[in-house]
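This one's a predicted model, so the numbers in the text were calculated from it and none came from an experiment. Residue numbers start at 1 and run along the sequence shown.
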Amino acid sequence: MTDYQNYWNQEIRNLLDELDAPASLHTNIVDTLANSQRTGIFENQIINALRLGLSIKEGNQNIAFVASMQSGKSKTIYFLCNYVLPAIGLLSGHENVLFVTSMRDTDLYNQNNRNLEADFYDASEGQMKYSRIKVIKMNEFFNYPNPFKAVRDLKVQLIVRDEDQYGCGEESSFQFAFFDNLRSKLPEIGLVAVSATPYDILDAHFTKSADIDVVEGVRPPSYFGITEMLRENMIDDLPLDFSPLQDNNGEYVVHPNVIEYVQHLLSFDDGLGIIRESTTLRALELRNLLRTKLKHNVDVLVIGSDSACDFSINEGLSEVANLIMRMGRRVILIIVQALTAGKDLGKLKEKIRFGIEPRDKQLANGAQGIAGRCCGYHNNRTFRIMASIPLLSNYAKFEQDWEIFSDPEWKEELIDNSIRGLTTQTKFAITQVEGIFTSIDDIFTVSVEELSTEEGRNKLSFLSDEVFDRLDGLFDPNAYNGSTKGTRLNAKDVTVRIASSYNMKSNRVYKNWNADLSADFGSVFFKKNDYNYGLLISNFPVEDDRNKLGFCGIKVFVSGEKVFRERESEIVNTSMYNAD
């Protein structure tokens, strides 16, 4: 086994122990992983589901599940609801989970319906069972005739919101239906928000506008995302004032960069090129110009919700798959308001040759667009993307470390690059909000060598023997060479940061290591809850190039008094999560 496999196996065992899970869940995990090619569920999704299950079991009502685009979020929810929650007693009898999709997107609803409502195999009982998940459109949730009836009839114990960006403003129907109505009658019902870009709920988390637990998805080494595309120079920056269709003295022409990308497509025997245009009229004009130029060498199609398009979104993707996978054709797909968050191109990802994404003013839709649809688990490294490099570079930083959301420098860089907002409901502005400043009463270090001594153990006497052993295990090569993202010590009153959980460019342990007694405990650890201790863990060996300190061990921060301080904020959040 690789170090990652060893780490994941140990992480699964640890989580099962923390959940006090029955043997039946272990049996189903073994069976699911043994048949991953059929189930589509792998170790990272199992770990994600167990972490979510632990958060729900601990009583967290509002949970943000943050995971990279196309990394397996739906399969995580599928395993959570059908295996984990029933096994630990949080779903019983005919109780269910309601999975709410955007009211604007029928195709995303159909995709989720097929995947999440599919029967599942219970290996512990040797039989197929109905899925515990009921997928429902947002507007149906509102008009069932009311959300309380929908929850009551289906015996819903948990609601999952997919791609939590639409319909979540201050006056939105979801806010009225869920927070103002449903929660008043069923105060214990939980909500899990699932997205790669849940910036509005993260803003509420950091500003303490709502009580939210953030669960970070595991990013396995086989995943290929925006970070990797940038690293391998597969993304070209958008030219100034770029549009695929150019107005040349009153006559429309195709932008020269589009022609260059088309030539890249022509260098392959088959494949897909994707171009986004802003309106149906412009898309149709671009289609006609490309058809005239390319004749029978390439099929050029327009998809969107307008009846003037060649196909609807879902029908268009089906036609593209038929042309490429069955007939070996080259296809250029011009999209209007399509291919955004949640859409999975499946096997077509192996055939993508180029993508052109002009959107560059909002972080979520710019990242979740064409570049985001190329993310996932595939071996295609021949495609090229034209998109805003400043936008995607800032998303990549978030992809590697979601807590950077609270970093003023990250926000300043977005604003400097003319990015106006993070999501539909979360925009940049200058405002004042209240915040809590927590003083630091004491700081001391414990080297890795001291961990094996009585003196070192005494310094960490606030940790139980079980937690201390778990802490000591983080200095094992299988741990620091693995993926420790999201790892918790689960010690009361203690929060941790682990060096091996971060990328080297933005390592929160090393960045915050020199914080002194004048610093804010909450800023060092980005935590809203009350903690007595915070641990920065430099778990790479001193001789390891990844160790930026020349010190291997732990720095302990003892928190002190909390006081309110007014501070400036660069975000206005009109999300339903902003209770203020």
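Here E95 contributes atom CD and L154 contributes atom CG; the two are 12.0 Å apart, rounded to the nearest 0.5 Å. The structure places CG of L50 at 5.0 Å from CG of L15, a figure rounded to the nearest 0.5 Å. Taking CG of N28 as the reference point, atom CZ of F120 lies at 8.0 Å (rounded to 0.5 Å). Taking CD from E319 and CD1 from I324, the interatomic distance works out to 10.0 Å, rounded to the nearest 0.5 Å. The line from CG of L422 to CG of D203 is 8.0 Å long, rounded to the nearest 0.5 Å. Between the CG atom in N507 and the OG atom in S500 there is a gap of 8.5 Å [rounded to 0.5 Å].
With respect to the salt-bridge test (charged N to carboxylate O, under 4.0 angstrom), the residues E18 and K57 do not qualify. Comment: D299 does not engage R330 in a salt bridge, judged by the lack of any side-chain N to carboxylate O separation of less than 4.0 angstrom. The existence of a salt bridge linking E11 and R51 is confirmed by a sub-4.0 Å separation between a basic side-chain nitrogen and an acidic carboxylate oxygen. Using a cut-off of 4.0 Å between Lys/Arg side-chain N and Asp/Glu carboxylate O, D119 and R132 are scored as not salt-bridged. R488 has no carboxylate O lying under 4.0 Å from a charged side-chain N of E216, or vice versa, which leaves the two without a salt bridge. Between E260 and R384 a salt bridge is recorded (basic side-chain N to carboxylate O distance below 4.0 Å).
Panel note: side chain W8, backbone N44; no donor-acceptor pair is recorded below 3.5 Å. With hydrogens and angles disregarded, no donor-acceptor distance shorter than 3.5 Å links the side chain of N322 to the backbone of S318. In this structure, the side chain of Q61 engages the main chain of I189 through a donor-acceptor pair within 3.5 Å. In this structure, S131 contributes its side chain and L116 its backbone to a donor-acceptor pair below 3.5 Å. Although no hydrogens or angles enter the test, the distance criterion places a donor-acceptor pair under 3.5 Å between the side chain of H264 and the main chain of T382. Here the side chain of T487 pairs a donor or acceptor atom with the backbone of T484 at under 3.5 angstrom.
There is a side-chain donor-acceptor pair under 3.5 Å between T227 and E399. With 3.5 Å as the limit, one finds a donor-acceptor pair spanning the side chains of Q368 and R373. Side chains of Q70 and K349: a donor on one and an acceptor on the other come within 3.5 Å. There is no side-chain donor-acceptor pair under 3.5 Å between Q111 and N115. N60 and S55 are linked by a side-chain donor-acceptor pair at a separation below 3.5 angstrom, with hydrogens and angles left out of the test. A donor and an acceptor atom, one from each side chain of D236 and Y261, are located under 3.5 Å apart. D122 and S124 form a side-chain donor-acceptor contact under 3.5 Å, judged by distance and modelled atom types alone.
Within 6.0 Å of the CG atom in D269, the count of heavy atoms belonging to other residues, nucleotides or ligands does not exceed 12. By the neighbour-count criterion of 12 heavy atoms within 6.0 Å, atom CD of Q37 is sparsely surrounded, having that number or fewer from other residues, nucleotides or ligands. Crowding of Q337 atom CD: a count of heavy atoms from other residues, nucleotides or ligands under 6.0 Å not exceeding 12. The number of heavy-atom neighbours closer than 6.0 Å to CG of D545, taken from other residues, nucleotides and ligands shown, is 12 or below. Around atom CZ of R381, more than 12 heavy atoms belonging to other residues, nucleotides or ligands sit under 6.0 Å away.
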Quiz item: R546 and N481: side chain to side chain donor-acceptor pair (under 3.5 Å), yes or no, with the steps?
Solution: CA-CA 11 Å; R546 293 168 292 182; N481 287 325; 2.7 Å; yes
Practice problem: Give the C-alpha distance, both sets of side-chain angles, the deciding distance and a yes or no for salt bridge (charged side-chain N to carboxylate O under 4.0 Å, His left out) between R287 and D310. | Solution: CA-CA 10 Å; R287 177 199 65 182; D310 296 313; 2.7 Å; yes
Exercise. Test Y377 against F224 for ring-ring contact (aromatic ring centres under 6.0 Å, His included), laying out the working first.
Key: CA-CA 6 Å; Y377 307 98; F224 188 76; over 10 Å; no
Practice problem: Give the intermediate values and the outcome of salt bridge (charged side-chain N to carboxylate O under 4.0 Å, His left out) for residues E228 and R219. | Solution: CA-CA 12 Å; E228 289 75 20; R219 184 187 176 90; 2.6 Å; yes
Self-check item: salt bridge (charged side-chain N to carboxylate O under 4.0 Å, His left out) assessment of D401 paired with R508
Solution: CA-CA 9 Å; D401 175 16; R508 294 319 209 171; 2.7 Å; yes
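No side-chain heavy atom of C375 sits less than 4.5 Å from a side-chain heavy atom of S71. Contact annotation: the side chain of T101 approaches that of V135 to within less than 4.5 Å [non-hydrogen atoms, C-beta and beyond]. Looking at heavy atoms from C-beta onward, Y78 lies in side-chain contact with I41 at the 4.5 angstrom threshold. L471 places a side-chain heavy atom less than 4.5 Å from the side chain of L489. In this structure, the side chains of L54 and N490 come closer than 4.5 Å at one or more pairs of heavy atoms. V192 is not listed as a side-chain neighbour of R161, based on a closest heavy-atom distance of 4.5 Å or more.
Ring planes of Y199 and F398: perpendicular class, angle over 60° (limits at 30 and 60°). Taking the six-membered ring where tryptophan is involved, the planes of Y480 and F540 are perpendicular, since the angle between them exceeds 60° and thus also 30°.
Summarising the geometry of L392 relative to L230, their closest heavy-atom pair is O-CD1, 3.7 Å, with the distance given to 0.1 Å. Taking all atoms of both residues into account, the shortest heavy-atom contact from A364 to T423 is CB-CG2, 4.0 Å. The two residues L19 and G53 have their closest heavy-atom pair at CD2-C, 3.9 Å. Contact record, F383 with I352: CB-O, 3.2 Å, taken as the closest heavy-atom pair. A pairwise comparison of heavy atoms in A491 and V467 identifies CB-CG1, 3.7 Å as the closest pair. Between I303 and C309, the shortest heavy-atom distance links the atoms C-SG, 3.9 Å.
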